[in-house]
Amino acid sequence: MKKLFLPLLACLCLAPVVVPAQDWPSKPIRLIVPFPAGGPTDMVGREAANILREEFKQTVIVENRPGGNGTLGHAVLAKSPADGYTLGLLVITVAIAPHLGNAPFDTFKDFAPISNMVSMTPIVIANNQAPFSTLAELTRYAKANPDKLAYGTPGVGTVPHLAAELFQLQSGTKLNHVPYKGATQQIQDLIGGSTLLDFQSSLVVAMPQFKAERIKALAVLSDTRAAQLPNVPTAKESGYPELVVAPWFGLGAPAGTPAEIVHKVQAAIYKGLNTHDVQDRFAAIGASVHPNKSPAEFSAYIKSEHERWGKVIKAANVKAE
């Protein structure tokens with residue numbers, strides 16, 4: 001009996017401690033947001049936290065971990081325990097950063113995607129005195145002044161920068177990129193005329209200046225027109241059917257998180273995002289709600305985005321700073 005008991009005891013000691021998924025969550029959940037507090041990404045994270053609190057009747061603590069255009073926060077999530085008590089936003093950065101060589105994580109091995117949540121509405125704006133008011137006029141002007149038209153973005157490898165590169169590839173133009181570290185200075189330089197053109201990942205930044213008639217809008221890069229700017233055409237309508245850009249924000253967990261927990265969270269997010277109050281709050285900042293029906297669907301979407309932006313980065317020869 002002793003000979004049988006000792007090997008069994010050794011196996012039990014080496015076995016991992018598993019917390020039954022049906023008992024989850026029995027303590028506070030940490031939700032990592034890979035950008036600073038106060039911005040659009042933070043709002044998405046706090047809405048996710050509110051949905052999870054309401055559904056699971058448990059404390060959800062939002063932890064902002066900015067840095068590296070989102071790569072630092074994603075790295076923290078990737079290295080966290082896979083017990084369901086650390087969740088985080090997965091944003092479009094996870095599809096882009098690996099192509100720039102600055103991703104401290106493996107997009108397809110380090111995460112358990114849960115669900116997409118929302119996408120923002122990118123917009124192309126211009127100085128009021130710029131000699132163009134449409135994408136067609138912009139194209140003609142840029143071709144007549146190759147490499148002289150300066151445009152601003154939040155930085156190299158950001159969604160607005162890649163959107164601008166995609167526009168140049170499709171229009172056959174060459175623009176002069178001016179990267180910024182903050183939207184405030186970026187917009188002020190556009191108003192002042194230091195730059196004549198600007199690409200923004202969300203119209204929420206541009207709306208106050210547009211309403212004050214300090215800038216003009218050339219096009220939105222979403223699939224359909226923005227409700228806030230019904231008179232501004234999409235790039236598709238303007239002759240660029242492939243210039244559709246959706247900076248997206250979803251929810252994920254560390255790889256290895258129990259599938260039952262992942263599906264519980266996905267169901268809660270899907271339910272919460274389909275309420276009118278949540279949709280109205282996102283609409284107010286120019287965001288569209290896009291929850292996935294399954295974690296597998298979100299995983300497939302991340303893969304397709306990874307492939308799409310990889311082609312743009314290679315074609316435009318974009319290099320990390």
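Worth knowing before you read on, the calculation uses all heavy atoms, side chains too, and leaves out hydrogens, waters and symmetry mates.
Aromatic pair Phe199/His161: ring centres not closer than 6.0 Å. Here the two rings, on His290 and Tyr301, have centers that are 6.0 Å apart or farther.
Gln185 contributes no side-chain N or O that, together with a main-chain N or O of Lys181, makes up a donor-acceptor pair within less than 3.5 Å. Between the side chain of Asn176 and the backbone N or O of Leu149, no donor-acceptor pair lies under 3.5 Å. For Arg53 (side chain) and Val60 (main-chain N/O), a donor-acceptor pair under 3.5 Å exists by modelled atom type. Remark: side-chain polar atoms of Asn145 are not paired, donor with acceptor, to backbone N or O of Lys148 under 3.5 angstrom. In this structure, the side chain of Gln266 engages the main chain of Asn292 through a donor-acceptor pair within 3.5 Å. A donor-acceptor contact shorter than 3.5 Å is absent between the side chain of Gln129 and the backbone of Gly193. Side-chain N or O atoms of Thr107 include one that pairs as donor or acceptor with a backbone N or O of Val94 at under 3.5 Å. Checked by atom type and distance alone, the side chain of His177 never pairs as donor or acceptor with a backbone atom of Gly152 at under 3.5 Å. Using a distance-only test at 3.5 Å, with no hydrogens or angles considered, a donor-acceptor pair links the side chain of Thr121 to the main chain of Gly286. Looking at Asn64, its side chain does come within 3.5 Å of a backbone N or O of Phe35 through a donor-acceptor pair.
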Show the numbers, then the answer: is there a side-chain contact (heavy atoms from CB on, under 4.5 Å) between Leu197 and Leu218? CA-CA 10 Å; Leu197 185 66; Leu218 276 57; 4.1 Å; yes
Start with the C-alpha gap between Leu229 and Met207, add the side-chain angles, then the distance that decides, and say whether side-chain contact (heavy atoms from CB on, under 4.5 Å) holds. CA-CA 9 Å; Leu229 298 171; Met207 280 298 293; 3.7 Å; yes
Tyr240 vs Ser171, side-chain contact (heavy atoms from CB on, under 4.5 Å): CA-CA, chis, key distance, verdict: CA-CA 8 Å; Tyr240 295 93; Ser171 63; 3.5 Å; yes
Apply side-chain contact (heavy atoms from CB on, under 4.5 Å) to Ile32 and Leu89, showing your working. CA-CA 6 Å; Ile32 296 171; Leu89 286 191; over 6 Å; no
Run Thr257 and Tyr85 through side-chain hydrogen bond (donor to acceptor under 3.5 Å, both in side chains) and show every step you take. CA-CA 9 Å; Thr257 299; Tyr85 290 99; over 6 Å; no
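Salt-bridge formation is detected for the pair Arg65/Glu63: a Lys NZ or Arg NE/NH1/NH2 atom is positioned less than 4.0 Å from an Asp or Glu carboxylate oxygen. Salt-bridge check for Glu213 with Lys216: failed, with every basic side-chain N at 4.0 Å or more from each acidic carboxylate O. Look at Arg281 and Asp277 and you find no salt bridge, because none of the NZ, NE, NH1 or NH2 atoms lies under 4.0 Å from a carboxylate O.
Side-chain polar atoms of Trp248 and Glu305 form a donor-acceptor pair below 3.5 angstrom. A donor and an acceptor atom, one from each side chain of His74 and Thr93, are nowhere located under 3.5 Å apart. Of the N and O atoms on the side chains of Tyr270 and Ser294, not one donor lies less than 3.5 Å from an acceptor on the other residue.
Using a 4.5 Å cut-off between side-chain heavy atoms of Ile, Leu, Val, Met, Phe, Trp and Tyr, Val178 falls into a hydrophobic cluster with Tyr180.
With a 6.0 Å radius and a threshold of 12 heavy atoms from other residues, nucleotides or ligands, Glu54 has its CD atom at or below the threshold.
Ring geometry, Phe132 versus Tyr141: the interplanar angle falls from 30° to 60°, so the pair is classed tilted.
Between Ile29 and the choices Ile61, Leu87, Thr86, the side chain to side chain contact (heavy atoms under 4.5 Å, CB included) rule is met once, by Leu87.
A search for side chain to side chain contact (heavy atoms under 4.5 Å, CB included) contacts involving Pro233 returns Arg225, Glu237, Ser238, not counting sequence neighbours.
Of all non-hydrogen atoms in Arg46 and Ala37, the two that sit nearest each other are NH2-CB, 4.4 Å.
Cation-pi geometry between Lys303 and Phe108 is not satisfied (NZ or CZ under 6.0 Å from the ring centre, within 45° of the ring normal).
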